[in-house]
Peer 1: 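Following this message is one structure expressed as structure tokens.
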Amino acid sequence: MDAVAMYQFTQQSLPACKPVLTPAWVTTTFFLVGALFIPIGLVSLHASHSVVEIVDRYDSECVPDLFKSNKVVYIKDMSIHKNCSRHLKVHKHMKAPIFIYYQLDNYYQNHRRYVKSRSDQQLLHGLQHNDTSSCTPEESSNGLPIVPCGLIAWSLFNDTYSFSRGTHKLRVNRKNIAWKSDRNHKFGKQVYPFNFQNGTLIGGGKLDPNIPLSDQEDLIVWMRTAALPSFRKLYGRIEEDLNVDDVVVVNLLNNYNTYSFGGTKKLVLSTSSWLGGRNNFLGMAYTSVGFSSILVAFVFLLLHVRNPRPYGDTSCISWNRKSISS
Amino acid sequence: MAGWRGSRSRPGGGSPRAERIPSSRTIQLGHVQPQAPGHRTVFCNDREANVNAKFKGNSISTTKYNVLTFLPKGLFEQFRRVANSYFLMISLLSCTPVSPVSPITNVVPLSMVLFVSLVKEAYEDWKRLQNDKAINNSSIEVLQDRRWESIPWKKLQVGDVVRVRQDAFFPADLLFLASSNSDGVCYTETANLDGETNLKIRKALERTWDYVTSEKASEFNGEVQCEQPNNSLYTFTGNLIIEKQTLPLSPNQILLRGCSLRNTEYIVGTVMMNSMNVPSKRSTLEKKLDKVIVSLFLILFCMCLIGSMGGAIWINLKDYYLQLGKKDSTNTPQFDPNNRFAVFALGIFTLITLYSPIIPISLYVSVEMIKFIQSTQFINNDLHMYHTETNTPALARTSNINEELGQVEYIFSDKTGTLTRNLMEFFKCSIGGESYGTGITEIEMGGAQRNGKNIGEVRNSSIAIREKGFNFDDARLMHGAWRNEPYPDMCKEFFRCLAICHTVLPEGEESPEKIQYQAASPDEAALVTAAKRFGFFFFRRTPTMIYVRESHVEKMGKVRDVSYEILNVLEFNSTRKRQSVICRYPDGRLVLYCKGADTVIYERLTSGNNDLRNTTREHMEQYGAAGLRTLCLAYKDLSLDMYESWNEKFIQAKSSLRDREKKLDEVAELIERDLNLIGCTAIEDKLQEGVPSCIETLSRAGIKIWVLTGDKMETAINIAYACKLINNDMKQFIISSETAAIREVENKGDQVELERFIKDAVKTELKKCHEEAQNYLQSASGPKLALLIDGKCLMYALDPSLRRMLLSLSMSCSSVVTRLVRKGAQRITLSIGDGANDVGMIQAAHVGVGISGLEGMQAVMASDFAIAQFRFLTDLLLVHGRWSYLRICKVVTYFFYKNLTFSLTQFWFTFETGYSGQRFYDDWFQSLYNVLFTALPVIIFGLLEKDVSASLSKKYPELYKEGIRNAYFKWRVLGILAFFSVYQSIVVYNFVLTSSSRGVTSSGKMLGLWDVSTMAFTCLVITVNLRLLMMCNTITRWHHISVGGSILLWFIFIFVYSYISTNKGIFYVIYVLTSTLYFYITLLLVPVVALLGDFLYQGIQRWFFPYDYQIVQEVHRHEPDGSSAGLLEIGNQLTPDEARSYAFAQLPQEKSKHTGFAFDSPGYESFFASQQGVKAPQKAWDVVRRASMRSKPKKPQTS
């Protein structure tokens, strides 16, 4: 700091702007916010509405009537075939790529015990990395370490879906569903599943021990844990357009147990816009904030016109008020 | 005297003995601390002999630490703070499996905070060390091996013989042995101790006069027995034993450390030492912050309770994927569904660690840093508080009570040296009905300024003859010109009265230029000096004669020496309020000259000549209004017969053994009758510059001022007028112990009865005043109230049973004249003083201010702030104090807000995670939030925030009242902030989570937990930082840099951090996020919505419920910042001060108008007695004279 600046600093006379929140400022600001937000909101809403989304909850429908009253027994019984088919009607043209999501509700992927029960080192380095204590309580089985260890991997989602339109089977692209950074840097290319799901308790899906983790994209997606107990995860992409009134037949294997804890499973087909999936929230937030701002601005304006407070009116100062009233 | 212990003496030179009196630094009056073993014996000039006594060395140390103790002691100090030890605990807790966060979360901020605090401590201690070194290394001449050797003060030992040269300071308390003056006398200035600038005379015992030279002195070996070091300045008892001869020692032989030698070439003395500790005021900051901390703790506790109860209820076995039934490796029952109590109990610990950032760990260190810079850079460097004449800037000696300067409600001020310069100057006079003297007092100037006249120039241009005690300019009287005035005889009598009727002793050469008058009170010296200037030069006094060199008496230019025989002196006392001298002219004429209060003189005038009486009274009223102290002069010719018959009675009375004083008074009455009025004098008790206007400004700011003084009631009232503390349209309540009734009881001599009687009287008075005050307060337009209470009465009024009433009365009064003050309830008090006798008061008050720049350092050493002039209080309080208060409050509340907001987002997340205590943010986010991403802007804000400029702060002193009311730090303020915290955290949390619940790119990929939390954290950092900008009334580029910098820092951090942490959830998230449009859309939405609420509130608040400062801002919106423009102009006449100053003569008054009589000569008897080597009993006022005697005013609220 040079001498002048230091002088101004110590004498507390640094050049400064002194914003005074005048009614004009308040009103203008609110108008500006409104003027800015409403267009953004409308564009966002438009983007959101351009997305076509089909949501199908199948967890209870896919349980045979026989087991309706006791779904947990059904799902735990390995001998029962879990085949199920669903018919989805396309109500609006869907342009490729169409994203396939599964959605779980009431599933606490963000539980503390769950979130920390993984070993990122092991995912990257495999068995070379010995310290898997963070994976508790799924760090080893039968005295051998598990790769990938931890509750998250252990509870891998294992419903599978295949789609057909009429007789034509729709090709599902299941590559590139995980973030690239995860595939390249978090999951080892030389790390193969080991001793996985060999315990007495089977939590979820199994992994092909011959495919390195970096290519097990289902696992990678699953292991990017969700923030909320209700979440969607990407399953794959249908790379053909679907037309209005097409009926898509979904053949699914209803393997995953959400019945124990009363969770639901949904299958979601969705196109996407530049703003992602169908989500009115941003658009609504923008437009409603924009409109409220304009409203507030008008109220202020009205008050100002009808009942202006004189600016810098010394009679409003408390000591003056007192002496007048006394 | 408990302060010190003696030091051990060293081997080596023998010499006189030393004694010690308490030394200076820690002197507190009034508290005599318990005594160490009765007395000490010091062997002079004999270091070996003193070894056994283990006296302390003479070095002083004010440092808190040394190299070894720094770390343990410093850390201990740090962990005494609740927040720090809390974080230590949390850090430990976060090493356990219970913790959802890793230890770095808490360890990093804690260590950063500790580091910064320790660096600051070390720096401050270093500076103290430098200071100590400077003092300890001052050199002093010590007798060693028959030669004077220079050694540093710190090496001085008890028993050493030292030689102190003129103008040097005494390095320790010394026993005065010999002086270069042949009569064993030396002069000392005690300004250092008590602020008084008149010289004190010390006289060595005759037996030791010879030990002046080194040869002689080295032969001295005596033994001193004296009391232990203590803190009483005015008492001392001890004996000097030389060659088996025991000589009693009195304060007259003691030279106190810190005083300086004047008018004496050198003296020789022996040493008694001391070292002392400087008490430091415990920071009251903590108290205030505690309020915030405690409320945050409460919130934290509630949050933990809710969270862990939720956890205990939620926990179940159904979520098989969590394997809650299975023990994990740590084997804690934290998630054991079968043990819900354990879940609950451990949950609390988990959540405490999780929410720990709610306690703003960096708050203390930030606030300290802000205050430190405020004091070292702003207060110490403020040019408005720089005193050019003495080259003294303001000095903040502690940095932890800056903001209390903004809340001072009571000021207790010392008078001498603080309000006044302790400089009496002959200023005006009235002779034979003619007023002389053209000077203008500060008060008159103030009044004139408000009337728009500028008379300051006039004053400066007139070339007055000035010397100490004389500031009078009127050609009509000077150089014999008085001969041409209408009443030259009157003038002659007037001058003779001044030259004869006094008890002054002349010192030094008998020439007008060189003579020094030694007077017990500076008033007297001023009067005699005036006589000298008028041509009546009093130059010699013998027990019976006064010699006056009179000029121009018979004819112009003629000078002759006249000797007057002094027959009787009728001394001044507070009952008589007058002093008379009966003298015989060389031609045999017998005259009685009398000077005294107008009331007593007027009673005793001959009848007739009402014109003279009336005009003189008018003049006295004018002088009084101008703040001058007046004395009436009168004379009376006596016939020989009359005198002789009277003198017989007088001698009789003088020799009576019982009631001598009373009888003397009665006899005096007989002759002091039928006086002829000559005129009156007006002496200015020179106020410090700018005092009246400063006091006026402060009182407009709602500050009540009490002035404490050892003066007599009249003097006190007079000074109060001079300072504009009270004026004639104030209703005055006077509670005095000097009423006829009380005196009567006093005369009966029954102490118990007397006490009871005074107490009752005081009680009655108080009650009466109180009721009256209530009436005045209820009537809206009532006058301001003033209370004058003298010391004796106050003592009774402070009795617990009456104290409440006194307090309530004094609170409703505009001015209280009192002598002793207690801390007023919960209010912030400030004491200001300049001498050692004010130290107790300075230390007792919340804020102690010392007057610096003169020699006296005692008050400064004890003070928290030192300023050169009383008037700088305006800047110190109204500008620095107000700003500091404002800044600190806003900083503290901002900390409250930002940490609450942060923790609340975390809290909302807890509900979504099965109450498991999963953290929402990455460990490093949490640890750096307080110390990096939100730290700097708030510090910049705390340094630079100004609501209105310095000149406006002084122009509208009423703004200060917001600080007194603590308007910026109320529960309501915190409540509003808490409300917006909740609002903003909800907006940030919900908006981000809801908007990210679907795919966010055209590639359909979903965001995970860490992506969402990074998004939320980004929004939070931006919101919280921008929120700070919204609080600013002043935005400099540093604000922009710091706010922008903090946000930028966050982005830099996250880009680097998420790139390098491959094995964490946070890996690459920011790159993923920034690759989406969603990120930018949300980033615009969330902060704007979060802040719009505040914006709306601020808009409405300013529009409909504006604060005073906001109006002032608006009024002066278009004016450039005039902070360099300086002087305080009082533009709008809010108060009719001009009317008060000038027109009070017209106001109807209950009692006669104030005429300004004041005459002060405490301790005459003992003064003269000591001159003559006679021991006189010590009077109370000698002992604690200046410490706290009578009264002064305070001014509080009005109307």
Side-chain angles (χ1 to χ4, degrees), chain A residues 10-21 23 26 33 44 99 108 110-115 120-121 124 133 136-137 151 155 179 181 185-186 203 224-229 232-234 260-261 272 274-279 281-282 285-286 289 296 309 311-312 314 316-319 326, chain B residues 100 318-323 326 328-329 335 377-378 381 383 780 912-914 916-918 944 958 993-995 998-1002 1004-1006 1008-1009 1012 1033-1036 1062-1064 1067-1068 1072 1077-1078 1081 1085 1088-1089 1096 1098-1099 1102-1103 1106 1108 1111 1113-1115 1117 1121 1123-1124 1199:
Chain A
T10 58
Q11 299 306 314
Q12 309 197 59
S13 58
L14 284 170
C17 77
K18 297 177 184 162
V20 169
L21 209 55
V26 178
V33 169
S44 306
F99 298 97
Y108 286 86
N110 57 11
H111 195 279
R112 176 150 75 92
R113 186 171 164 100
Y114 191 83
V115 173
D120 284 302
Q121 292 289 353
L124 194 57
S133 59
T136 183
L151 281 177
S155 60
W179 294 99
S181 55
H185 302 287
K186 297 203 75 170
R224 195 172 187 105
T225 50
L228 289 176
R232 284 180 183 183
K233 294 216 177 262
L234 190 56
S260 293
F261 53 87
S272 78
W274 56 270
L275 204 50
R278 185 179 177 93
N279 190 351
F281 178 79
L282 280 178
Y286 265 107
V289 169
V296 170
R309 171 161 86 79
Y311 230 54
T314 42
C316 296
I317 297 182
S318 60
W319 61 86
S326 62
Chain B
K318 288 184 289 182
D319 288 280
Y320 69 91
Y321 54 93
L322 302 175
Q323 295 195 2
K326 190 169 166 183
D328 60 16
S329 56
F335 296 114
Q377 298 300 317
F378 296 161
N381 284 328
L383 291 179
E912 309 278 9
T913 64
S916 59
Q918 170 58 33
L944 304 180
E958 291 87 350
L993 277 160
T994 314
S995 62
R998 300 289 179 265
V1000 293
T1001 66
S1002 50
K1005 289 171 188 149
M1006 295 294 303
L1009 168 59
V1012 176
N1033 287 299
T1034 295
I1035 299 180
T1036 67
T1062 43
N1063 57 354
K1064 290 183 136 195
F1067 179 66
Y1068 231 69
V1072 168
L1077 269 174
Y1078 153 84
I1081 299 264
L1085 176 72
V1088 170
V1089 175
L1096 184 64
Q1098 287 188 6
R1102 180 184 271 271
W1103 200 323
D1108 293 337
I1111 305 273
Q1113 278 177 347
E1114 288 164 11
V1115 173
R1117 188 153 47 111
D1121 187 352
S1123 62
S1124 54
S1199 76

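These values consider heavy atoms only, across backbone and side chains, with no hydrogens, waters or symmetry-generated copies. In this text the structure is predicted, and so the values were computed from the model without any measurement. To find a chain, count down the sequence lines: A is the first, B the second, and so on, and within it residues start at 1.
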Peer 1: Look at B/Phe1067, B/Trp1103, B/Tyr1068 and state which one has the largest set of heavy-atom pairs under 4.5 Å with chain A.
Peer 2: B/Trp1103
Peer 1: What residue in A/Ser155, A/Ser272, A/Pro229, A/Cys17 has the most heavy-atom pairs under 4.5 Å with chain B?
Peer 2: A/Cys17
Peer 1: If I take atom CG from residue B/Asp319 and atom OH from residue A/Tyr108, how far apart are they, to the nearest 0.5 angstrom?
Peer 2: 7.5 Å
Peer 1: Pick from A/Ala226, A/Ala16, A/Gly203, A/Ser44: which one has the most heavy-atom pairs with chain B under 4.5 Å?
Peer 2: A/Ala16
Peer 1: Look at A/Ala285, A/Ser181, A/Gly277 and state which one has the largest set of heavy-atom pairs under 4.5 Å with chain B.
Peer 2: A/Ser181
Peer 1: Check whether any side-chain heavy atom of B/Phe335 sits under 4.5 Å from a side-chain heavy atom of A/His111, and report yes or no.
Peer 2: yes
Peer 1: Looking at A/Asn279, A/Leu275, A/Leu282, A/Val26, which one has more heavy-atom pairs under 4.5 Å with chain B than the rest?
Peer 2: A/Asn279
Peer 1: May I ask you to decide if the ring planes of A/Phe261 and B/Tyr320 are parallel, tilted or perpendicular, using 30° and 60° as cut-offs?
Peer 2: tilted
Peer 1: Can any side-chain N or O of A/Asn110 pair as donor or acceptor with the backbone N or O of B/Glu912 at less than 3.5 Å?
Peer 2: yes
Peer 1: Using a cut-off of under 4.5 Å on heavy-atom pairs, state which of A/Thr10, A/Asp120, A/Val296, A/Leu234 scores highest against chain B.
Peer 2: A/Thr10
Peer 1: What are the two closest non-hydrogen atoms of B/Lys1064 and A/Lys186, and how far apart are they?
Peer 2: O-NZ, 2.7 Å
Peer 1: Look at the side chain of A/Arg113 and the backbone N and O of B/Gln323, then say whether any donor-acceptor pair between them is shorter than 3.5 Å.
Peer 2: yes
Peer 1: Would you mind telling me which of B/Thr1001, B/Leu1085, B/Thr1036 has the largest number of heavy-atom pairs within less than 4.5 Å of chain A?
Peer 2: B/Leu1085
Peer 1: Could you look at A/Pro15 and say if it's the side chain, the backbone, both or neither that has a heavy atom under 4.5 Å from chain B?
Peer 2: backbone
Peer 1: Which bit of B/Leu944 is near chain A, if near means a heavy-atom gap under 4.5 Å: side chain, backbone, both or neither?
Peer 2: side chain
Peer 1: If I take atom OG from residue B/Ser916 and atom OH from residue A/Tyr114, how far apart are they, to the nearest 0.5 angstrom?
Peer 2: 13.0 Å
Peer 1: Side chain from CB out, backbone as N, CA, C, O: work out which of these in A/Leu228 comes under 4.5 Å of a heavy atom of chain B, or both, or neither.
Peer 2: side chain
Peer 1: I need the residue from B/Gly1004, B/Gly917, B/Gly1099 with the largest number of non-hydrogen atom pairs under 4.5 Å to chain A.
Peer 2: B/Gly1004
Peer 1: Between A/Phe99 and chain B, which part of the residue has a heavy atom less than 4.5 Å away: side chain, backbone, both or neither?
Peer 2: side chain
Peer 1: Are the side chains of B/Asn381 and A/Gln11 in contact, using a 4.5 Å heavy-atom criterion?
Peer 2: yes
Peer 1: Please enumerate all residues that pass ring-ring contact (aromatic ring centres under 6.0 Å, His included) together with B/Tyr1078, with sequence neighbours excluded.
Peer 2: none
Peer 1: Are the side chains of A/Arg232 and B/Arg998 in touch, meaning some heavy atoms are under 4.5 Å apart?
Peer 2: yes
Peer 1: Going by ring-ring contact (aromatic ring centres under 6.0 Å, His included), name the residues that satisfy it together with A/Tyr286, two or more places apart in sequence or in a different chain.
Peer 2: A/Phe37
Peer 1: How long is the straight-line distance from CZ of A/Phe281 back to OG1 of B/Thr994, given to the nearest 0.5 Å?
Peer 2: 4.5 Å
Peer 1: Below 4.5 Å, heavy-atom pairs only: which of B/Asn1033, B/Leu1009, B/Val1012 has the largest tally toward chain A?
Peer 2: B/Leu1009
